[in-house]
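A short worksheet on the structure shown next.
This chain uses plain numbering: 1 for the first residue, then up along the sequence.
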Amino acid sequence: QVLVVESGGDSVNTGDSLRLTCVVSGLTFSAFERDVIAWFRQAPGKDREFVSAISPGTGRTGAGASAKDRFTVSSDNAKYTVVLQMNNLKPEDTAMYYCAAGFTSGWWSEEKAFGHWGQGTQVTVLL
């Protein structure tokens, strides 16, 4: 059974940084490397939106408009971990952040492309 667990969410001030961690268990090392691990977020009253993603085996990354220039995604394959480093946070970054694994097909930015989701970690950015 694949388990996805996020951590690192917190309440911070505008301009601060946060480091979110996603640990994926239940995959073999080769399966983890072949997978795509993504971050999505959902603010109250809004649809879930794509933030960023990485292919652990190739290091290739992708980012949504909200993440470009401020967020960086990386992986530590030996630890089955993907990290989302978020800098210069803004109030509009306030949301529940979800990690997704188990990429099947389609675009990395599509929710339906992922089969395994974590419970989310809350990020709140104060004015």
Side-chain angles (χ1 to χ4, degrees):
Q1 182 181 356
V2 178
L3 187 64
V4 179
V5 179
E6 308 95 333
S7 63
D10 203 350
S11 181
V12 298
N13 294 316
T14 297
D16 285 352
S17 298
L18 267 181
R19 185 173 182 268
L20 304 185
T21 299
C22 172
V23 179
V24 182
S25 60
L27 291 177
T28 63
F29 184 76
S30 59
F32 179 79
E33 287 203 314
R34 289 195 304 269
D35 206 348
V36 174
I37 313 298
W39 287 96
F40 290 78
R41 71 184 186 184
Q42 187 167 21
K46 294 187 177 181
D47 293 333
R48 194 171 296 188
E49 67 168 332
F50 171 70
V51 176
S52 190
I54 186 168
S55 167
T58 65
R60 179 187 169 199
T61 62
S66 61
K68 289 180 180 178
D69 300 326
R70 297 187 298 125
F71 297 178
T72 303
V73 65
S74 61
S75 69
D76 183 341
N77 295 2
K79 297 181 179 179
Y80 297 81
T81 297
V82 169
V83 171
L84 182 68
Q85 177 67 42
M86 305 187 296
N87 298 324
N88 190 23
L89 284 163
K90 304 175 181 180
E92 51 264 42
D93 295 318
T94 294
M96 185 71 78
Y97 284 71
Y98 297 92
C99 183
F103 180 77
T104 53
S105 62
W107 297 99
W108 291 8
S109 59
E110 297 179 312
E111 292 181 61
K112 64 181 181 180
F114 295 89
H116 306 291
W117 291 79
Q119 295 299 306
T121 186
Q122 177 68 39
V123 172
T124 301
V125 185
L126 306 173
L127 289 170

**OP:** Just jot down the ring pair (Phe, Tyr, Trp, His ring centres under 6.0 Å) partners of F50, sequence neighbours excluded, or say none.
**Re:** F40
Original post:
Any chain of hydrophobic side-chain contacts (each under 4.5 Å) joining V82 to L27?
Top reply: yes
Original post:
Does anything in residues 96-108 pair up under side chain to side chain donor-acceptor pair (under 3.5 Å), and if so which pairs, sequence neighbours excluded?
Top reply: R41-Y97
**OP:** Quick one: which residue pairs count as a salt bridge (charged side-chain N to carboxylate O under 4.0 Å, His left out) with a foot in residues 99-127, not counting sequence neighbours?
**Re:** R48-E111
Under 3.5 Å, which donor-acceptor pairs link side chains of residues 53-73 to any protein atom two or more places apart or in another chain?
unit_1: S55; atom_1: OG; unit_2: T58; atom_2: OG1; d: 3.0
unit_1: T58; atom_1: OG1; unit_2: R60; atom_2: N; d: 3.1
unit_1: R70; atom_1: NH1; unit_2: N88; atom_2: O; d: 3.0
unit_1: R70; atom_1: NH1; unit_2: D93; atom_2: OD2; d: 2.7
unit_1: R70; atom_1: NH2; unit_2: S66; atom_2: O; d: 3.2
unit_1: R70; atom_1: NH2; unit_2: D93; atom_2: OD1; d: 3.0
unit_1: R70; atom_1: NH2; unit_2: D93; atom_2: OD2; d: 3.4

Subject >> Stepwise side chain to side chain contact (heavy atoms under 4.5 Å, CB included) test for L84 and S52 >> reply: CA-CA 8 Å; L84 182 68; S52 190; 4.1 Å; yes
Original post:
Between L18 and W39, is there a shared hydrophobic cluster once you connect ILVMFWY residues whose side-chain heavy atoms come closer than 4.5 Å?
Top reply: yes
**OP:** Mind jotting down which residue pairs meet the side chain to side chain donor-acceptor pair (under 3.5 Å) criterion with at least one end in residues 5-20? Sequence neighbours excluded, please.
**Re:** S17-N87
Original post:
Under 4.5 Å between side-chain heavy atoms, hopping through other hydrophobics if needed: is there a path connecting V12 to M86?
Top reply: yes
Original post:
Between atom CD of E92 and atom OG1 of T94, what is the distance when rounded to the nearest 0.5 Å?
Top reply: 8.5 Å
Original post:
For V23, what residues pass the side-chain contact (heavy atoms from CB on, under 4.5 Å) criterion, not counting sequence neighbours?
Top reply: T21, T81
Original post:
Does any pair with a residue in residues 96-127 pass disulfide bond (SG atoms under 2.5 Å apart), and if so which ones, sequence neighbours excluded?
Top reply: C22-C99
**OP:** Output, in order, the C-alpha distance, side-chain angles, deciding distance and verdict of side chain to side chain contact (heavy atoms under 4.5 Å, CB included) for V2 and V24.
**Re:** CA-CA 7 Å; V2 178; V24 182; 4.0 Å; yes
**OP:** Please list all pairs passing the ring-ring contact (aromatic ring centres under 6.0 Å, His included) test where one or both residues lie in residues 8-29, with sequence neighbours left out.
**Re:** none
Under 3.5 Å, which donor-acceptor pairs do the side chains of residues 117-127 form with other protein atoms, sequence neighbours left out?
unit_1: W117; atom_1: NE1; unit_2: F114; atom_2: O; d: 3.3
unit_1: T121; atom_1: OG1; unit_2: G9; atom_2: N; d: 2.9
unit_1: Q122; atom_1: NE2; unit_2: A95; atom_2: O; d: 3.4
unit_1: Q122; atom_1: NE2; unit_2: T124; atom_2: OG1; d: 3.4

Original post:
Quick one: do I37 and F103 end up in the same hydrophobic cluster if we chain Ile, Leu, Val, Met, Phe, Trp and Tyr together by side-chain heavy atoms under 4.5 Å apart?
Top reply: no
Subject >> Of all pairs that satisfy salt bridge (charged side-chain N to carboxylate O under 4.0 Å, His left out), the ones with a partner from residues 20-35, not counting sequence neighbours >> reply: none
Original post:
Which value, rounded to the nearest 0.5 Å, describes the distance between S25 atom OG and H116 atom NE2?
Top reply: 10.5 Å
